[in-house]
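Structure first, commentary second.
Within every chain, numbering begins at 1; the chains are lettered A, B, ... in the order of the sequence lines, protein sequences first and strands thereafter.
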Number of protein chains: 2
Amino acid sequence: MDFINHLTSNNIKPSLQRIKIFEYLYDNREHPTVDTIYSDLVGDIPTLSKTTVYNTLKLFIDNNITSTVTIEDNEVRYDAIMEEHAHFKCEKCGNVQDVEIDVSALKFKEKNSFKVEKTNIYLKGKCNKCLNKIN
Amino acid sequence: MDFINHLTSNNIKPSLQRIKIFEYLYDNREHPTVDTIYSDLVGDIPTLSKTTVYNTLKLFIDNNITSTVTIEDNEVRYDAIMEEHAHFKCEKCGNVQDVEIDVSALKFKEKNSFKVEKTNIYLKGKCNKCLNKIN
DNA sequence: TCTAAATTTGTAATCATTACAATTTTATAA
DNA sequence: TTATAAAATTGTAATGATTACAAATTTAGA
């Protein structure tokens with residue numbers, strides 16, 4: 001993945017901060033929160049400010065190269081994979097993972113009363129790691 | 001719907017506030033936010049405090065007679081219908097409506113790497129009312 | 001190199017939510 | 001009925017995430 005090109009072709013000037021934040025998001029499939037992104041990158045970019053993280057994510061979202069994951073009502077997570085997929089969160093360990101899913105299989109009665117443009121699917125339960133643990 | 005009985009049978013003492021809040025939630029299928037619930041009920045119960053609304057909703061959620069709808073990352077909505085259904089939000093008018101859906105139709109590859117206990121499906125787009133409006 | 005525009009940054013403001021202690025209400029037993 | 005304890009409600013203050021905003025820095029172009 002050529003991050004600079006990806007940003008440029010989406011009308012985003014590839015500043016150091018933007019490249020690093022996008023790269024981090026893209027490589028980190030656990031869908032980090034703003035705090036995690038900031039904490040993990042401030043070592044790399046010592047001048048980084050949390051405002052920049054917020055600004056940059058907003059910019060990414062406005063340009064459709066990032067989306068939010070609101071699987072939990074008290075934390076917003078971010079995702080740089082724009083291909084259709086769902087998310088699973090283990091309620092024991094808290095990890096969030098991507099889930100391949102066929103959204104077109106979803107049928108609903110009210111098909112004619114609105115036009116769907118985006119679908120978010122959130123699954124919760126227990127991951128195998130946690131299920132196999134003896135408590 | 002006998003609200004008092006519904007609360008009682010779910011181990012919740014049916015105080016005036018609890019009855020009114022549940023009744024409001026159950027009748028209001030637009031999934032109000034805490035602010036909306038508070039504003040709409042404080043006329044009825046002049047002593048009502050927003051803390052009580054928060055406390056009561058938390059109690060309902062802990063006892064599985066209410067769930068949260070986090071279709072938007074900056075507002076938490078509440079829902080007293082516990083039967084399986086999805087939610088659609090019109091991005092033009094902001095209304096949220098229930099959608100009948102067959103969750104069991106959802107197939108995913110990773111079926112064996114976790115155990116799903118809850119599924120939330122959020123649809124966004126334009127409702128017919130907004131689509132038919134001439135701007 | 002100079003200047004203007006864009007980007008980043010830090011601080012202060014805002015807003016939703018939670019913590020907590022005081023008050024009020026409810027239930028129980030004398 | 002009255003007294004007492006427990007439960008529920010309330011108001012205020014604290015917290016924490018996000019946004020607003022203005023100053024500082026960086027970048028791009030003349």
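- A donor-acceptor contact shorter than 3.5 Å links the side chain of A:D2 to the backbone of A:I4.
- Put simply, B:Y54 has no side-chain N or O that comes within less than 4.0 Å of OP1 or OP2 on C:dT18.
- Not one side-chain nitrogen or oxygen of A:S49 sits closer than 4.0 Å to the OP1 or OP2 atom of C:dT8.
- Taking atom CG of B:L57 as the reference point, atom C1' of D:dT9 lies 14 Å away to the nearest angstrom.
- Checking the phosphate oxygens (OP1, OP2) of D:dT27, no side-chain nitrogen or oxygen of A:S15 falls inside 4.0 Å.
- Taking side-chain N and O atoms only, A:T51 has no distance below 4.0 Å to OP1 or OP2 of C:dT9.
- To the nearest angstrom, P of C:dT17 lies 15 Å from OH of B:Y38.
- For D:dT10, one of the phosphate oxygens OP1 or OP2 lies less than 4.0 angstrom from a side-chain nitrogen or oxygen of B:T47.
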task = Check the pair A:T36 / A:S39 against side-chain hydrogen bond (donor to acceptor under 3.5 Å, both in side chains), numbers first and verdict last.
result = CA-CA 5 Å; A:T36 310; A:S39 309; over 6 Å; no

Residue pair B:E75, B:K89: steps toward the salt bridge (Lys or Arg N to Asp or Glu O under 4.0 Å) verdict = CA-CA 13 Å; B:E75 57 177 29; B:K89 176 167 185 170; 3.3 Å; yes

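- The separation between A:N11 atom CG and C:dT7 atom P is 12 Å, rounded to whole Å.
- Across the protein-nucleic acid pair, B:E75 atom CD and D:dT19 atom P stand 13 Å apart, rounded to whole Å.
- The interatomic distance linking A:L48 (CG) with C:dT8 (P) rounds to 9 Å, in whole Å.
- Along DNA chain C, the nucleotide nearest to B:D35 and the one nearest to B:N55 differ in position, and the one closer to the 5' end is contacted by B:D35.
- Put simply, NZ on B:K50 is 13 Å from P on C:dT18, counting in whole angstrom units.
- In the set D:dT9, C:dT17, D:dA7, the nucleotide with an atom closest to the side chain of B:K13 is D:dA7.
- Rounded to whole angstrom, the span from the CG atom of B:L7 across to the C1' atom of D:dA8 amounts to 14 Å.
- Here B:Q17 does not reach the OP1 or OP2 of C:dT25: none of its side-chain N or O atoms lies under 4.0 Å away.
- Taking the side chain as every heavy atom from C-beta outward, A:I121 and B:N120 never approach each other to under 4.5 Å.
- As rounded to whole Å, 15 Å separates atom P of D:dT9 from atom CD1 of B:I37.
- Side chains of A:S104 and A:D102: a donor on one and an acceptor on the other come within 3.5 Å.
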